[in-house]
Amino acid sequence: MLFHENFNLSRHNTLGLDIRARYFCDAGNQQDLSEALAFARDRELEILVLGGGSNVVFSGDFEGLVLCVNFQGVQFDDQKVLVGAGVNWHWLVRHSLQKELYGLENLSLIPGLAGASPVQNIGAYGQELDRVFVALAATDLHTGEELTFTKSDCRFGYRHSIFKDELKGQVAITQITLQLSTEYTPILEYGELVSELERREIEIPKAVDTSDAVIAIRKRKLPDPDVVGNVGSFYKNPELSSQTLTSLRQRCPNVPSRKTEKGLHKVPAAWLIEQAGLKGEAVGGALVSTQHALVLVNQGNASSQDVMALATRIEHQVQSKFDILLEVEPVLY
Ligand SMILES: Cc1cc2nc3c(=O)[nH]c(=O)nc-3n(C[C@H](O)[C@H](O)[C@H](O)COP(=O)(O)OP(=O)(O)OC[C@H]3O[C@@H](n4cnc5c(N)ncnc54)[C@H](O)[C@@H]3O)c2cc1C
């Protein structure tokens with residue numbers, strides 16, 4: 001197995017930051033993973049597990065071992081599917097559609113690998129991963145022990161799980177198991193998705209129609225990370241209590257909101273950023289996208305410091321205008 005030294009990570013983080021890892025390796029199976037853990041243990045290196053790098057922001061070079069978990073393989077077992085952590089997420093969505101197994105359509109075109117999908121319980125257009133999630137296999141980065149996590153062990157929440165919290169940096173997820181269905185139940189809670197289907201004159205969508213519509217909306221709305229560096233939404237949408245929303249509405253009557261299952265009110269962070277006058281705001285090479293205010297883009301030469309300074313400016317201005325503290329969605333290193 002190859003351990004690269006002083007490895008450039010600019011092609012391994014979709015924000016395209018020009019940073020380096022002291023060591024980098026790609027683990028395709030359990031044997032590779034054991035070797036990587038031994039390598040890090042012998043040199044007392046911190047390990048950072050990486051998938052496609054579409055939800056990480058580096059504050060500088062990483063002085064440890066960046067370990068890419070690249071286990072391949074997709075096994076269908078009736079309506080269950082067991083997926084290697086290194087499988088491309090969007091490929092999985094389309095592959096399961098071809099197999100006439102449904103449940104992933106609304107999560108089409110989310111960048112990254114399957115192994116990272118439970119980390120923030122990926123979600124889009126009214127669906128989150130936990131709706132279909134069964135279990136995952138992982139390896140403890142310190143002991144090498146192979147572990148299984150059930151759905152409740154993962155403590156999923158809105159763009160959250162135990163892996164972003166107390167188990168951050170503790171395990172490498174190697175395989176996920178999802179429960180799909182041969183029957184398609186549309187999730188059409190988002191007006192934008194309904195409008196796109198109407199525009200396509202589709203009254204009763206098949207799963208593939210929903211997937212196609214989601215892809216079209218995403219392509220229109222979000223900057224393509226292959227063209228301009230970004231990590232998608234930079235902030236979570238704040239979830240406010242009824243009382244906080246009422247007091248906010250007294251100052252800003254037009255604030256949009258959507259009620260969550262927990263009875264909270266989700267306010268679009270993009271709206272707050274835009275209303276704070278920050279769309280198009282830049283620090284060095286980092287810019288608040290003019291296409292979508294929730295996305296910070298690398299105009300080509302952004303440094304980690306530019307991105308973090310822009311983020312700090314956004315957080316301060318949103319807090320002083322709305323008294324709301326924005327929470328960063330990607331994982332910061
Ligand atoms: C244009 C764009 C649009 C996006 N849209 C959405 C969206 O709609 N919904 C959404 O939820 N997200 C979205 N994202 C964020 C991102 O695509 C997802 O969070 C995705 O799951 C990250 O996958 P990744 O493989 O790139 O993970 P990485 O960025 O490599 O890693 C993310 C985190 O997971 C950890 N991790 C990764 N792999 C493993 C593993 N095998 N074991 C243990 N830990 C691991 C990393 O250590 C890191 O903390 C978007 C990103 C972009 C660039």
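Ligands are counted one by one from 1 in listed order, and the atoms in each one are counted from 1 as well.
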Query raised in the report: Which residue, Leu17, Val66, Leu50, Leu9, forms the side chain to side chain contact (heavy atoms under 4.5 Å, CB included) with Val56?
Result: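 Looking at Leu17, Val66, Leu50, Leu9, the match for Val56 under the side chain to side chain contact (heavy atoms under 4.5 Å, CB included) is Leu50.
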
Expected output: side-chain [X] to main-chain [Y] donor-acceptor under 3.5 Å:
X: Thr177; Y: Leu82; result: no
X: Lys151; Y: Asp130; result: yes
X: Asp209; Y: Ile202; result: no
X: Glu128; Y: Gly126; result: no

Just distance, no hydrogens or angles: give the donor-acceptor pairs under 3.5 Å from side chains in residues 278-300, sequence neighbours left out.
| residue | atom | partner | partner atom | Å |
| --- | --- | --- | --- | --- |
| Glu281 | OE2 | Arg313 | NH1 | 2.7 |
| Ser289 | OG | Gln291 | N | 2.9 |
| Ser289 | OG | His292 | N | 3.1 |
| Gln291 | NE2 | Arg220 | O | 3.1 |
| His292 | ND1 | Leu294 | N | 3.2 |
| Asn298 | OD1 | Gly300 | N | 2.8 |
| Asn298 | OD1 | Asn301 | N | 3.2 |
| Asn298 | OD1 | Ala302 | N | 2.8 |
| Asn298 | ND2 | Leu15 | O | 3.0 |
| Asn298 | ND2 | Gly16 | O | 3.4 |

Report task. Would you please classify the geometry between the His4 ring and the Phe24 ring as parallel, tilted or perpendicular, with 30° and 60° separating the classes? Result ->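 Taking His4 first and then Phe24, their aromatic rings sit tilted (interplane angle of 30° to 60°).
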
I'd like to check which ligand 1 atoms, numbered from 1 as shown, lie under 4.0 Å from a non-hydrogen atom of [X].
X: Gly112; answer: 23 (O), 24 (P), 25 (O), 26 (O)
X: Val231; answer: 51 (C), 52 (C), 53 (C)
X: Ala124; answer: 8 (O)
X: Val171; answer: 43 (C)
X: Gln120; answer: 10 (C), 11 (O), 12 (N), 15 (C), 18 (C), 19 (O)

[X] and [Y]: side chain donor to acceptor below 3.5 Å:
X: Arg249; Y: Ser257; result: yes
X: Ser211; Y: Arg94; result: yes
X: Ser108; Y: His90; result: no
X: Gln30; Y: Thr139; result: yes
X: Tyr235; Y: Glu315; result: yes

Is it the side chain (CB and beyond), the backbone, both or neither of [X] that lies under 4.0 Å from ligand 1, heavy atoms counted?
X: Val56; result: both
X: Ser54; result: both
X: Arg159; result: side chain
X: Arg218; result: side chain
X: Tyr333; result: side chain

[X] N/O under 3.5 Å from ligand 1 N/O:
X: Leu113; result: yes
X: Leu50; result: no
X: Leu222; result: no
X: Thr14; result: no
X: Ile122; result: no
X: Pro111; result: yes
X: Val119; result: no
X: Asn230; result: no

Nearest candidate to [atom], where distance is taken over non-hydrogen atoms, out of [options]:
atom: atom 40 (C) of ligand 1; options: Asp224, Val49, Leu15, Leu67; answer: Val49
atom: atom 37 (C) of ligand 1; options: Ala116, Ser108, Ala114; answer: Ala116
atom: atom 7 (C) of ligand 1; options: Ser117, Gly123, Cys68; answer: Gly123

Heavy-atom nearest neighbour in the protein, as seen from [atom], with distance rounded to 0.1 Å:
atom: atom 28 (P) of ligand 1; value: Gly53 N, 3.5 Å
atom: atom 15 (C) of ligand 1; value: Asn55 OD1, 3.6 Å
atom: atom 42 (N) of ligand 1; value: Ile173 N, 2.7 Å
atom: atom 14 (N) of ligand 1; value: Ile110 CG2, 4.2 Å
atom: atom 24 (P) of ligand 1; value: Gly52 N, 3.4 Å
atom: atom 52 (C) of ligand 1; value: Gly232 N, 3.3 Å

Query raised in the report: Can the ring centres of His95 and Phe76 be said to be less than 6.0 Å apart?
Result: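 Yes.
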
Identify all side-chain donor-acceptor contacts of residues 320-330 below 3.5 Å with residues at least two apart in sequence or on another chain.
| residue | atom | partner | partner atom | Å |
| --- | --- | --- | --- | --- |
| Ser320 | OG | His316 | O | 3.4 |
| Ser320 | OG | Gln317 | O | 3.4 |
| Glu327 | OE2 | Lys236 | NZ | 3.3 |
| Glu329 | OE2 | Gln120 | NE2 | 3.1 |

Query raised in the report: Taking it one step at a time, do Arg258 and Glu189 satisfy salt bridge (Lys or Arg N to Asp or Glu O under 4.0 Å)?
Result: CA-CA 11 Å; Arg258 167 187 292 274; Glu189 290 159 19; 5.0 Å; no

Report task. Locate the shortest heavy-atom distance separating Thr210 from Pro205; write the atom from each residue and the value. Result ->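 Residues Thr210 and Pro205, closest heavy atoms: OG1-CB, 3.7 Å.
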
